[in-house]
Participant: 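Handing you a structure now.
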Protein chains: 2
Amino acid sequence: MVAVMCKHTRPETVRTGRTGRPRSVEADTAILEATRAALVELGWSKLTMGDVATRAGVAKTTLYRRWTNKNELVVDAVAVLFDELELPDRGSLIADVEGVVLQFAALLARPEAKTALMAVVAESTRDDALRIRIRSAIVDRQKRLVLEGRARAQARGELPYEDDPEAAARSADLIFDVIAGAVVHRALVSAEPVDQAWARSFTLLLVSGLASLGS
Amino acid sequence: MVAVMCKHTRPETVRTGRTGRPRSVEADTAILEATRAALVELGWSKLTMGDVATRAGVAKTTLYRRWTNKNELVVDAVAVLFDELELPDRGSLIADVEGVVLQFAALLARPEAKTALMAVVAESTRDDALRIRIRSAIVDRQKRLVLEGRARAQARGELPYEDDPEAAARSADLIFDVIAGAVVHRALVSAEPVDQAWARSFTLLLVSGLASLGS
DNA sequence: GGCTTTCGCTACGAGTCGTAGCGTAACTGG
DNA sequence: CCAGTTACGCTACGACTCGTAGCGAAAGCC
């Protein structure tokens with residue numbers, strides 16, 4: 001859930017401004033946690049709404065009051081994993097890229113992320129609402145890292161500043177697709193480990209390309 | 001199906017060497033075609049075995065006699081699309097890479113490939129048999145293009161020959177994951193068009209990296 | 001206390017899954 | 001030509017999941 005929390009009254013409820021019984025925040029977190037647990041145990045295809053409800057100690061109808069689909073529920077359940085992604089300054093562009101690659105790989109190694117990410121993307125090819133939700137809940141959070149890393153590299157003088165803002169956006173999108181795409185493909189399609197050696201080779205290839213293009 | 005055809009007797013059957021009524025090859029092709037049609041109309045999640053059987057004019061039990069899963073069926077149905085992938089000699093490494101990127105993008109633009117590819121990969125994270133089937137039916141066919149393109153570039157003198165065969169295999173895998181991953185991510189996750197401009201930018205980035213690494 | 005909304009619970013029709021059983025069709029070897 | 005073997009179409013079935021409707025009770029606002 002992209003929950004918009006306002007002022008807290010009691011720990012389990014939220015002041016919505018509207019009248020009536022407020023929705024239980026505990027139920028929300030319990031449901032999302034139960035969803036991740038079910039993903040680990042059962043995987044995407046065998047995960048059922050009824051099972052998630054039972055695990056969370058909630059009625060099945062409560063799930064359907066908050067999420068229309070299994071898809072939307074899983075996106076929200078997995079989205080929080082992407083909050084862990086950070087980009088500490090490691091001193092150089094190469095180190096930063098390698099760090100984010102390994103971090104993203106560690107995320108993809110988790111079984112709940114593995115099975116859920118590809119599945120919801122597959123569904124999003126036929127569901128525009130889901131695609132938008134994925135973009136705001138997952139994709140944009142990753143893309144921020146690219147923008148941050150580039151700004152840092154520019155400040156270090158490793159990458160040139162780009163004058164045209166449109167061209168800058170395009171190149172950021174390109175770099176993002178290359179990094180995220182390569183890691184996902186290596187981890188899930190080729191199904192081979194994204195270890196330090198691979199991360200180093202990939203980073204060297206990418207940064208070399210960036211360097212020779214920039215000059 | 002990775003059908004092993006031997007000698008043909010009549011157009012609709014295959015001499016298997018075994019006794020009994022042979023399996024209808026017409027049924028095979030009709031089922032796979034019906035599966036692709038159903039993927040286009042309904043998408044992965046709403047595709048049902050019963051529907052495919054009806055479209056193909058076959059009994060539902062016939063499907064289960066040949067494929068254990070919906071997953072395996074869809075892999076075989078989509079695999080033939082990858083036979084179209086070719087790598088004509090365009091004269092330079094840059095042109096070859098750009099060509100294969102656009103070709104792969106055209107394949108991913110087809111609705112039956114879009115919805116099916118990510119879905120079966122998602123399932124393969126929990127099904128080893130499926131993962132192996134995907135590898136031989138889809139992934140290896142793509143990877144051949146990378147090996148072919150590199151050999152050509154080496155013959156042209158654009159890329160250095162590598163002495164260590166293991167290192168050569170690793171670098172081929174890396175390049176494959178970068179190309180395929182970036183295109184898939186751009187097309188399905190970012191959901192933006194893989195047009196000529198993007199293909200050119202990406203190719204330039206990749207080939208520049210390869211060039212500066214090789215020297 | 002009255003109003004409003006959410007909650008848990010039960011029940012339901014609709015749809016899908018994968019299998020079993022049957023009689024028939026097709027092809028092979030003697 | 002006939003017996004043996006395998007595939008086929010068809011029907012029916014239990015088990016499961018889906019998403020919804022209806023109910024009384026709970027929890028908060030005015």
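Heavy-atom basis, side chains included; hydrogens, waters and symmetry copies ignored. Chain A is the first sequence line, chain B the second, and so forth, proteins listed ahead of strands; every chain is numbered from 1.
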Participant: Of all residues at least two apart in sequence or in a different chain, which pass the side-chain hydrogen bond (donor to acceptor under 3.5 Å, both in side chains) check with K143(B)?
Facilitator: D173(B)
Participant: Starting at atom CG of L63(A), determine the distance to atom P of dT6(C), rounded to an integer number of angstrom.
Facilitator: 15 Å
Participant: Does anything in residues 37-53 of chain B reach DNA chain D, meaning a heavy atom under 4.0 Å, and if so which residues?
Facilitator: none
Participant: Is a donor on one side and an acceptor on the other found under 3.5 Å between the side chain of R133(A) and the backbone of D76(A)?
Facilitator: no
Participant: Report all interatomic pairs (protein N or O, nucleotide N or O of nucleotides 5-7 of chain D) with separations under 3.5 Å.
Facilitator:
unit_1: dT6(D); atom_1: O2; unit_2: R21(B); atom_2: N; d: 3.0
unit_1: dA7(D); atom_1: O4'; unit_2: R21(B); atom_2: O; d: 3.1
unit_1: dA7(D); atom_1: N3; unit_2: R21(B); atom_2: NH1; d: 3.4

Participant: Holding to side-chain hydrogen bond (donor to acceptor under 3.5 Å, both in side chains), I want the full list of residues that pass it with D164(B), two or more places apart in sequence or in another chain.
Facilitator: none
Participant: Can you check the E26(B) CD to dC27(C) P distance for me, whole Å?
Facilitator: 11 Å
Participant: Round to the nearest Å and state the distance from R55(A) atom CZ to dG8(C) atom P.
Facilitator: 18 Å
Participant: Salt bridge (Lys or Arg N to Asp or Glu O under 4.0 Å) between E162(A) and R150(A): does it pass, once the steps are laid out?
Facilitator: CA-CA 11 Å; E162(A) 304 189 44; R150(A) 179 171 66 177; 3.2 Å; yes
Participant: Sequence neighbours left out, what pairs pass ring pair (Phe, Tyr, Trp, His ring centres under 6.0 Å) with at least one residue falling in residues 176-197 of chain B?
Facilitator: F176(A)-H185(B), H185(A)-F176(B)
Participant: If the condition is salt bridge (Lys or Arg N to Asp or Glu O under 4.0 Å), which residues does R144(A) pass it with, not counting sequence neighbours?
Facilitator: none
Participant: Determine whether a donor-acceptor pair (N or O, by modelled atom type, separation under 3.5 Å) exists between the side chain of R135(A) and the backbone of S190(B).
Facilitator: yes
Participant: I'd like to know if the side chain of K114(B) and the backbone of G43(B) have a donor-acceptor N/O pair within less than 3.5 Å.
Facilitator: no
Participant: Using atom NZ of K60(B) as one end and atom C1' of dT19(C) as the other, report the distance to the nearest whole Å.
Facilitator: 9 Å
Participant: Could you tell me the separation between the CD1 atom of I31(A) and the P atom of dT6(C), rounded to a whole number of Å?
Facilitator: 13 Å
Participant: To the nearest Å, how far apart are L73(A) CG and dC18(D) C1'?
Facilitator: 14 Å
